[in-house]
Amino acid sequence: MLWLGLNGISLLLQVYNAQDTAKKIAFSQGKLFFQHIVTMRHWNARHGGVYVTVTEDTPPNPYLDIPERDIVTLDGRRLTLINPAYMTRQLAELEHDKSRIQFHITSLHPKRPENKADDWETSALLAFEEGESVVMDIATLHDEPFYRYMEPLKITESCLRCHRNYQIGDIRGGISVSIPKTKIIPYVENQLSHIYLLHAVIASLGVMLLIVFHYTERLTQKQLIRAKSKLHLAYIDSLTGLPNRRYYDQYVQKEWQRALRHQYPLSIIMLDIDYFKNYNDTEGHPAGDQCLIELAKVLKLFSKRSDDFVCRYGGEEFCVVTACNAEQSLSLAEKLRDAVEKRRLRHPNSPVSHYVTLSLGVATVVPKDTLSSTRLLGFADKALYLAKQNGRNRVEQFDQKQIDDAEMATIAEI
Ligand SMILES: Nc1nc2c(ncn2[C@@H]2O[C@H](COP(=O)(O)OP(=O)(O)OP(=O)(O)O)[C@@H](O)[C@H]2O)c(=O)[nH]1
């Protein structure tokens, strides 16, 4: 959008520039015309006018009131005197027929009514009286736009012969030069067509780039979403929405290393549903799935500290990794057991309760090089086995002594 906007602004500026060039060309042509006419008038005035043969197109000038205006040559030809004003009129008619460029000698009080100034010329003449030396503008003439140029006519010595009431330098009127706009436009038309073409190419290029960018962006977004969902599928259990075993493996490794570096305790709680096979058998597999979903919700709710990590380890086995000591992890395990029991999910075929219950095994160690997260998980699993053995719906903890014993046994084996 910005691209198109800038392109539009540039187009407007360039078109304005081209139009301005057209104006400058027109006004310099106007000035040239004016100067030519003034030169011709001086030449005429310097010779006190020139005699030409009287014809239908060149009758004697009725506004020229001098005795020797008309003469007859010895061979009988009738001649009439052409003064600068008459010459200007005739040249204007010729030029208009040839090129439609008009020049008009006029004043605020012309002798000849046809020389009367039009509105634009009148305001230009008034401006000259105010001291303006030139007036130029685009104005309508006979319903057509024209570049109009006007300069004042000043009395020179040669003018005084006919215009005796004036002094040298007086403004006696002016000559306007009017050039049809259509005569100048071709000068800039080529430039304009280049401008239009260039901007059309730039705009289409911009639109094309925009489309390419848009589709690339959409493609990247799609790929990103696909990659994210692949990653999600790889690390999140689709039934419960909890991290899966793969996620657990990566997480516990990192946590173990961190706890090893900073020497703080790390606990694992392993838990599974009591007699879940019976549950599936009586309630059906879909109800079993629902039960797992409900259990996941409770686990998430009660393990919401930032360093509690809950995952579905596999089947109906879940696991909590938490950076807390033996006492705290035992308390958390007990809370989980209690919460699930209180959730009162019916389990009619359970020998321990009418409701779904959990067995949980807890193990805590401060990591050291001779141990590993796998061994810690093994201790939690052993504690879970104990909980099952000791009647289910209970928490068992693999205490420090049991851990030390297990370690000693391993060393002895080696
Ligand atoms: N509905 C459902 N059942 C599952 C899923 N994953 C594992 N199970 C079931 O969980 C049951 C686990 O049974 P067992 O290992 O015998 O254990 P249990 O019946 O819970 O007995 P204890 O653990 O000794 O109390 C099996 O019947 C599995 O089919 C699952 O995603 N959905």
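Keep in mind that what you see is a predicted model, and the values were worked out from it rather than measured. Atoms considered below: every heavy atom in the structure, side chains included; atoms not considered: hydrogens, waters and symmetry mates. Atoms within each ligand, like the ligands themselves, are counted from 1 in listed order.
- Contact annotation: for L292 versus ligand 1, heavy atoms closer than 4.0 Å belong to the side chain alone.
- Looking at ligand 1, you won't find any N or O of N278 less than 3.5 Å from one of its N or O atoms.
- Close approach of ligand 1 to D274 (heavy-atom distance below 4.0 Å) involves ligand atoms 25 (O).
- In terms of protein heavy-atom proximity, atom 23 (O) of ligand 1 is nearest to K388 NZ, 3.0 Å.
- Regarding atom 24 (O) of ligand 1, its nearest protein heavy-atom neighbour is R392 NH2, 2.9 Å.
- Residue-ligand proximity, G288 to ligand 1, at heavy-atom distances under 4.0 Å covers atoms 1 (N).
- Taking 4.0 Å as the cut-off, R312 counts as a neighbour of ligand 1 on heavy-atom distance.
- In summary, E341 and R343 do not engage in a salt bridge, as defined by a charged side-chain N under 4.0 Å from a carboxylate O.
- Atoms CZ and CG, on R112 and L64 in that order, are 13.0 Å from each other to the nearest 0.5 Å.
- No more than 12 heavy atoms of other residues, nucleotides or ligands shown are found within 6.0 angstrom of CD on E327.
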Taking only distance into account, with no hydrogens and no angle test, what donor-acceptor pairs under 3.5 Å do side-chain atoms of residues 237-251 form with protein atoms, sequence neighbours excluded?
from	atom 1	to	atom 2	distance (Å)
D237	OD1	R312	NH1	3.3
D237	OD2	T240	N	3.0
D237	OD2	T240	OG1	2.5
D237	OD2	R312	NH1	3.2
T240	OG1	L242	N	3.2
N244	OD1	R246	N	3.2
N244	OD1	Y247	N	3.0
N244	ND2	A234	O	2.9
R245	NE	Y313	OH	3.2
R245	NH2	Y313	OH	3.2
R246	NH1	A234	O	3.0
Q250	NE2	Y235	OH	2.8

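- Using a 4.0 Å cut-off between charged side-chain N and carboxylate O, R375 and D381 make no salt bridge.
- Protein heavy atoms are absent from the 4.0 Å sphere centred on atom 15 (O) of ligand 1.
- Protein heavy atom closest to atom 6 (N) of ligand 1, with residue, atom name and distance, is G315 CA, 3.3 Å.
- No donor-acceptor contact under 3.5 angstrom links the side chains of R258 and Y264, judged on distance only.
- Between N115 and T106, the side chains place no donor N or O within less than 3.5 Å of an acceptor N or O (distance only, hydrogens not considered).
- Distance from atom 17 (O) of ligand 1 to its nearest protein heavy atom, with residue and atom name: E316 OE1, 4.1 Å.
- Applying the 4.0 Å criterion to heavy atoms of I273 picks out, from ligand 1, the atoms 20 (O), 23 (O), 25 (O).
- Interface of N280 with ligand 1, defined as ligand atoms under 4.0 Å from a residue heavy atom, comprises 1 (N), 2 (C), 3 (N), 4 (C), 8 (N), 9 (C), 27 (O), 29 (O).
- Closest to atom 25 (O) of ligand 1, if we only count protein heavy atoms, is Y275 N, 2.7 Å.
- When only modelled atom types and interatomic distance are considered, Q14 and H199 share no side-chain donor-acceptor pair under 3.5 Å.
- Under 4.0 angstrom from ligand 1, the non-hydrogen atoms of D289 come from both its backbone and its side chain.
- Of the polar atoms of F276, at least one N or O is found under 3.5 Å from an N or O of ligand 1, judged by distance alone.
- In this structure, R346 forms no cation-pi arrangement with Y355, as its terminal cationic atom is not both closer than 6.0 Å to the ring centre and no more than 45° off the ring axis.
- Scanning the protein heavy atoms around atom 19 (O) of ligand 1, the nearest turns out to be K277 N, 2.8 Å.
- Here the CG atom belonging to L360 is positioned 13.0 Å from the CZ atom belonging to R392, to the nearest 0.5 angstrom.
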